[in-house]
Undergrad: 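The structure's right below; bear with me while I get my questions together.
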Amino acid sequence: MTSPRKPNLAVVGATGAVGTVMLGILSSREDVWGEIRLIASPRSAGRKLTVRGEEVEVVALSEEAFDGIDVAMFDVPDEVSAQWAPIAAAKGVIAVDNSGAFRMDEDVPLVVPEVNAAAARIRPRGIIANPNCTTLTMMNGLAALHSEYGLKELVVASYQAASGAGQPGVDALRDQIKQVAGTGVGEMAGDLRAVITDNGPFPAPLVLNAVPWAGSLKEDGWSSEELKVRNESRKILGLPDLKVSATCVRIPVITTHSLAVHAVFEREVTQARAQEILRDAPGVVLYDNPEAGEFPTPNDVVGTDPTWVGRVRRSIDDPTALDLFICGDNLRKGAALNTAQIAEVVAAELTTA
C-alpha cells in the first residue's frame, strides 16, 4: 500500500523577518510537506535560501507561483495578503495568513491550534487567519484557565518588543542604542529627544524609554493593537461578550512580547490549582518561583517556542481573579510557529482525506 502524497507548501514572504524564522521552524519540525516553494517580491526572486537542509530558489509572487500548491502560508503585510490570499484560494490553495487582513472576517477562522484547532476545518473563503502576536502570547494559558474557571473579564498591559514593528523597528532600536552609548544620557533626564535623531516607526525614542503606543489611532483614543487584543480574544475563545481592556506599550527589547494580565473568572480560583492547570497546558511553560527569583523575562524566553507564565497570584480583593505575567517570542509562537502549526493541522486533514 502506497503512502499518502504529502501536500505541497508555499511560503509567501520567505525573505522577510517572519519568513526567515519560518524557514528555520520548517527545518526543525516533523516533515509533513512535499515540495516547499519559497515566494517573495520580484526583487527577491532568484535568491537561494536553505530549508530542510537544501537550497531553494525564491520565485516571484504571481498567480502561476501557486500552481501545484496545496497550502500557502502568507508572512507579508496586510495589503499584500488582502490581494493575494484570495487569488491563491481561488486556485484551490488553502491560505494560512499571518497578517491582519482577514482576522475579523466572519468567514475566516482565527486559529490557535492548542485552543481551537477544529475551527480550521470551517473555512468558507479558503483562508485561515493567524492571530496578532500580542493576543497569541496569552491565549494558551488563558484558554486552559477558561476551561476550568470560565473567563469573564481581562485587563491587560502589554510590553511589546521592537520587532513587533517589523525590521524597521529593530533597526531603529539598534540605531538608537548606538546613539546613546557612551553619551551619559541615561544619567540625565530629558535628553533623549536631543540625542535621538530618528524615532523610526515609534512616536517617541524607544531606547531607555517606554512608549505607551502600538498600532494606529482608532476611535476614542484606542490604538489598533489594543482593539486587536479585545476582538481577537473574543473570537478565539468563542466569548463574544468577554470584557477586555488593554494598554499596549513598546519597550526597548528586540524580541519577545510580555503581558501583565488580570483575569476575572466565573468561579473562585486558587493559586495552587491555577499553577497546576498552567503547568499541564499545551504550549505553556510555568516558571513561577519568586522566592528563587524565577519568573519569565524576555531574555529567558527569546528563541523558544512555548509561552512562559509566572507571577501567578490570586487577587487580594477578588477570589475569582488571577494576576499573572506572560512572555512569548513574538516571531515564533507569536507569528511563524503558530502559522506553521495551523498549516500542519491542514496538512493532516489533507493527508487523511
Side-chain angles (χ1 to χ4, degrees), residues 4-19 21-23 25-26 29 32-42 44-45 51 56 58-113 115-133 135-136 228 231-232 235-236 238 334-353:
R5 179 184 71 85
K6 291 183 177 181
N8 295 328
L9 175 71
V11 179
V12 185
T15 58
V18 176
V21 174
M22 178 67 76
L23 299 189
I25 287 173
L26 289 172
R29 293 179 67 80
V32 300
W33 303 108
E35 178 190 355
I36 296 181
R37 190 174 303 169
L38 306 184
I39 302 175
S41 64
S44 295
V51 59
V56 178
V58 177
V59 301
L61 179 58
S62 67
E63 187 172 342
E64 292 72 24
F66 296 103
D67 288 347
I69 294 297
D70 300 291
V71 181
M73 299 189 297
F74 285 78
D75 295 312
V76 292
D78 292 10
E79 63 274 13
V80 179
S81 284
Q83 177 183 354
W84 286 96
I87 291 173
K91 293 176 70 71
V93 177
I94 299 169
V96 183
D97 182 41
N98 190 35
S99 83
F102 302 100
R103 288 173 184 152
M104 299 314 298
D105 188 315
E106 292 183 358
D107 291 327
V108 175
L110 186 64
V111 175
V112 181
V115 178
N116 63 339
R121 288 182 170 270
I122 305 170
R123 43 179 188 267
R125 298 189 62 182
I127 301 170
I128 305 168
N130 191 62
N132 174 264
C133 50
T135 308
L136 258 172
K228 288 175 187 177
N231 297 332
E232 293 179 21
K235 186 173 181 179
I236 295 164
L337 175 61
N338 199 73
T339 307
Q341 289 175 307
I342 296 170
E344 289 167 3
V345 169
V346 176
E349 175 190 338
L350 296 178
T351 301
T352 57

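As the structure is a prediction and not an experimental result, all values here were calculated from the model.
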Undergrad: If you take all heavy atoms of Ser81 and Phe74, which pair is closest and at what distance?
TA: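 Heavy-atom minimum between the residues: OG-CB, 3.7 Å.
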Undergrad: Identify the two heavy atoms, one from Val93 and one from Ile69, that lie closest to each other, and give their separation to 0.1 Å.
TA: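 Shortest heavy-atom contact: CG2-O, 3.3 Å.
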Undergrad: List the residues meeting side chain to side chain contact (heavy atoms under 4.5 Å, CB included) with Val80, not counting sequence neighbours, and say none if there are none.
TA: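 By the side chain to side chain contact (heavy atoms under 4.5 Å, CB included) rule, Val80 matches Leu61, Val76, Pro77, Trp84.
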Undergrad: Quick check: do Lys6 and Glu35 have side-chain heavy atoms less than 4.5 Å from each other?
TA: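 No, too far: nothing below the 4.5 Å cut-off.
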Undergrad: I'd like to check the side-chain hydrogen bond (donor to acceptor under 3.5 Å, both in side chains) partners of Asp105; sequence neighbours left out, ordered by chain and number.
TA: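 By the side-chain hydrogen bond (donor to acceptor under 3.5 Å, both in side chains) rule, Asp105 matches Arg125.
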Undergrad: Counting only N and O atoms by type, is there a donor-acceptor contact under 3.5 Å from the side chain of Asp107 to the main-chain atoms of Pro124?
TA: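 Checking the backbone N and O of Pro124 against the side chain of Asp107, no donor-acceptor pair under 3.5 Å is found.
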Undergrad: State, to 0.1 Å, how close Val71 and Ala343 come at their nearest heavy-atom pair, and which atoms those are.
TA: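 In terms of heavy atoms, the two residues are closest at CG1-CB, 4.1 Å.
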Undergrad: What's the shortest heavy-atom distance between Ala340 and Ile25, and which atoms?
TA: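 Answer, listing the atom of Ala340 first, then Ile25: CB-CG2, 4.1 Å.
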Undergrad: Apply side-chain hydrogen bond (donor to acceptor under 3.5 Å, both in side chains) to Asp70 and list each qualifying residue two or more places apart in sequence or on a separate chain.
TA: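 Residues passing side-chain hydrogen bond (donor to acceptor under 3.5 Å, both in side chains) with Asp70: Arg5.
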Undergrad: Can you find a pair of side-chain heavy atoms, one from Val56 and one from Ile36, that are under 4.5 Å apart?
TA: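 Contact flag for Val56/Ile36 side chains = no.
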Undergrad: Please give me the minimum heavy-atom distance between Ala40 and Thr15, naming the atom from each residue.
TA: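 That closest heavy-atom pairing would be CB-OG1, 3.8 Å.
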Undergrad: Just how far is it from atom CG of Asp75 to atom CG of Leu23, taken to the nearest 0.5 Å?
TA: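 CG of Leu23 is found 9.0 Å from CG of Asp75.
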Undergrad: Return the minimal non-hydrogen interatomic distance between Ala89 and Gly126, and the atom names on each side.
TA: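 Shortest heavy-atom separation between Ala89 and Gly126 comes out as CB-O, 4.1 Å.
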Undergrad: When rounded to the nearest 0.5 angstrom, what is the spacing between CG in Asn130 and CG in Asn132?
TA: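 It is 9.0 Å, given to the nearest 0.5 Å.
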Undergrad: Would you say Val96 and Val111 make side-chain contact, with heavy atoms under 4.5 Å?
TA: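 Sidechains of Val111 and Val96: no contact.
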Undergrad: Answer yes or no: is there a side-chain heavy-atom contact under 4.5 Å between Thr351 and Pro7?
TA: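 Yes; the side chains approach each other to less than 4.5 Å.
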Undergrad: Walk me through whether Leu337 and Gln341 qualify under side chain to side chain contact (heavy atoms under 4.5 Å, CB included).
TA: CA-CA 6 Å; Leu337 175 61; Gln341 289 175 307; 3.9 Å; yes
Undergrad: Quick one: does any side-chain atom of Asn338 pair with a main-chain N or O of Gly334 as donor and acceptor, under 3.5 Å?
TA: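 Here the side-chain-to-backbone pair does not exist.
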Undergrad: Please identify each residue that fulfils side-chain hydrogen bond (donor to acceptor under 3.5 Å, both in side chains) with Glu344, with sequence neighbours left out.
TA: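 In terms of side-chain hydrogen bond (donor to acceptor under 3.5 Å, both in side chains), with neighbours along the sequence ignored, Glu344 is linked to Arg29.
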Undergrad: Working to the nearest 0.5 Å, report the span between CZ of Arg121 and CD1 of Ile128.
TA: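 Reported value, rounded in 0.5 Å steps: 10.5 Å.
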Undergrad: Would you compute the distance between atom CD of Glu232 and atom CG of Leu110 and round it to the nearest 0.5 angstrom?
TA: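 It comes to 5.5 Å.
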Undergrad: Kindly write out the residues that satisfy side-chain hydrogen bond (donor to acceptor under 3.5 Å, both in side chains) with Arg123, not counting sequence neighbours, or none if the list is empty.
TA: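 Checked Arg123 against side-chain hydrogen bond (donor to acceptor under 3.5 Å, both in side chains); matches are Glu349.
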Undergrad: Which value, rounded to the nearest 0.5 Å, describes the distance between Met104 atom CE and Asn231 atom CG?
TA: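 Nearest 0.5 Å value for the CE-CG distance: 4.5 Å.
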Undergrad: Output every pair passing salt bridge (Lys or Arg N to Asp or Glu O under 4.0 Å) with a member in residues 78-102, not counting sequence neighbours, ordered by first then second residue.
TA: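 Every pair satisfying salt bridge (Lys or Arg N to Asp or Glu O under 4.0 Å) with a residue in residues 78-102: Asp67-Lys91.
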Undergrad: What I'd like to find out is whether the side chain of Met73 reaches to under 4.5 Å of the side chain of Leu26, using heavy atoms alone.
TA: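 Yes. Closest side-chain heavy atoms under 4.5 Å.
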